[in-house]
Amino acid sequence: MKFIRIALVATLFILSACKSEETITQKRPQKVILLIGDGTGLAQVSTAFYFKETSPNYGRFKHLGLIKTSSSQQDITDSAAAGTAFACGIKTYNGAIGVADDSTKVKNIVEIISSKNIKSGLISTSSITHATPASFYAHVLRRGYEEDIASDFVESDVDFIAGGGINFFNKREDGRDLLAELAQKNFEIDTTAIGDFSTIQSSSKVAYLLAENHMPPAAEGRGGFLANATELAIQFLGKDESDFFMMVEGSQVDWGGHANNGDYLVSELIDFDDAIGKALDYAEQDGNTLVIVTADHETGGLTLSSTLKKTEEGREYSDYDDIDLTFSTSGHSATLVPVFAYGPGAEEFAGIYENTEIFEKILKLTEWRGEGE
Ligand code: MG
Ligand code: ZN
C-alpha cells in the first residue's frame, strides 16, 4: 500500500512537471512572419509535392486550418478585400485597401504595432503598391490608386520593403519624388539588387525597389529575390532581438492562375515555397517566431486531373501517371484556402474560420494590441 501511494505521488509529480513544460511551449510569439501566396489554393500547394525537385517546405508544418475568404459584398473576394481582412481584421468590399464598407479608414497591424516601436517589413514579387502589400500600410477606396498608395507608404511606419513599383514613387502625376522624401525619412534606398546584411546593418529603414512596376516572373530572371529578401528582412528586423512583424507575398502564383498557365503557376509556387523555407529555418532555431502561410483566395479553379489520352485504337482513357493542370476559370474562386502554422501558438490556427481571424489570432497571441484597439 505504501508503495502504491509513493508511486501515485511520483506519477502526479511527473504529470505536473509535464504540465509546466507544456506551459513553457505555450509562450508568446515575439516575431510573426505571415506569408501570403496570392491565389494559392490547395491544388496550387499540391503542385509542390509533384513538381518540386526537393522536399516542399509546406510539408514541414504540423498545424493546418482552412479559411473562408468571401468579402463583405461578394462570395468571391479580390486581393484588396482579402489583404484588408488580414491586415485590418475586417470584411470589406472588393477593391478596398484599408477602408471599411462605409469608406472609413481602419487601423492596420503595422499601425497598431508601430505605436509600440515594434518593427515591420513587407516583401512582394509585385509592385509594393499592389493590393496585397498595400493593405498593410495604405487606406484608399480603390486598389488602382497606386500613386496615392505610394504616398501613404511615405507616411507609414514600415521599416523594410522589397519589391517593385519605382514608377509610383518617382514618375508621378503630382511631380513629387517620393524616393527623395523616403531618403529624408532615413530610408536607405536601393533600386538595383538585394544586398548583404552588412550593407544595411547600421541603417534604420530600408527600401529595395527593384522594378518600375512588378518584379519579373521567377522564370524570367527574378532569381532568388523572394527567398533572399525574406532572409535579409529577418536579419534586419531581428537585429535588436525585439519583436517584429513581416509579410511576404508570392504575388504571381495568382497571375499564373489568371493566365491558366500551369508552368508559370508552378514556377511561382516553388519560388514561394523557397521563401517559406527561409522563414521556417529561422523559426526553428529562434523558437519565438510564429510562421503563418496562407492565401488570400484561390485563382483559376485549378485541379490536378489526369491527362486524357487516346489508345492506338482511338479509345479515350485517363492516364493516372500523368498530371494535367486543369483550370475552370480565368478568375478567382470561392473555395476555402489552407492555413499552415509553425511556432508558438501554431495550434490556434487549426479549424475552419473567417480570414479576418488571422489578424485576430496574431494580435491575441503576440499581445501586441493595446487597450481600446
Ligand atoms: Mg497580390
Ligand atoms: Zn487575382
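Scope of the values below: all heavy atoms of this structure, side chains included, with no hydrogens, waters or symmetry mates. One-based numbering, in listed order, for ligands and for the atoms of each.
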request  = Check whether any side-chain N or O of Glu111 sits under 3.5 Å from a backbone N or O of Asn108 as a donor-acceptor pair, and report yes or no.
outcome  = yes
message = I'd like to know if the side chain of Lys361 and the backbone of Glu348 have a donor-acceptor N/O pair within less than 3.5 Å.
response = yes
Reported CZ-to-CG distance for the pair Arg28 and Asn288, which is rounded to 0.5 angstrom = 8.5 Å
message = Counting C-beta onward and ignoring hydrogens, is there a side-chain heavy-atom pair between Thr294 and Phe349 closer than 4.5 Å?
response = no
request  = Sort by chain and number the protein N/O/S atoms found under 2.8 Å from the Mg ion (ligand 1).
outcome  = Asp38 OD2, Thr132 OG1, Glu249 OE2
query = Checking Ser203 side chain against Lys205 main chain: does a donor-acceptor pair fall under 3.5 Å?
reply = no
message = My understanding is that only residues two or more places apart in sequence, or in another chain, count here; which of them pass ring pair (Phe, Tyr, Trp, His ring centres under 6.0 Å) with Phe327?
response = none
key: With sequence neighbours excluded, residues passing salt bridge (Lys or Arg N to Asp or Glu O under 4.0 Å) with Asp254   = none
ask   = Distance-only, no hydrogens or angles: does the Asp190 side chain make a donor-acceptor pair with backbone N or O of Gly195 under 3.5 Å?
value = no
ask   = Around the Zn ion (ligand 2), what protein N, O or S atoms are found below 2.8 Å?
value = Asp254 OD1, Asp254 OD2, His258 NE2, His332 NE2
request  = Could you please spell out the steps behind the ring-ring contact (aromatic ring centres under 6.0 Å, His included) verdict for Tyr137 and Phe153?
outcome  = CA-CA 6 Å; Tyr137 62 84; Phe153 179 77; 5.1 Å; yes
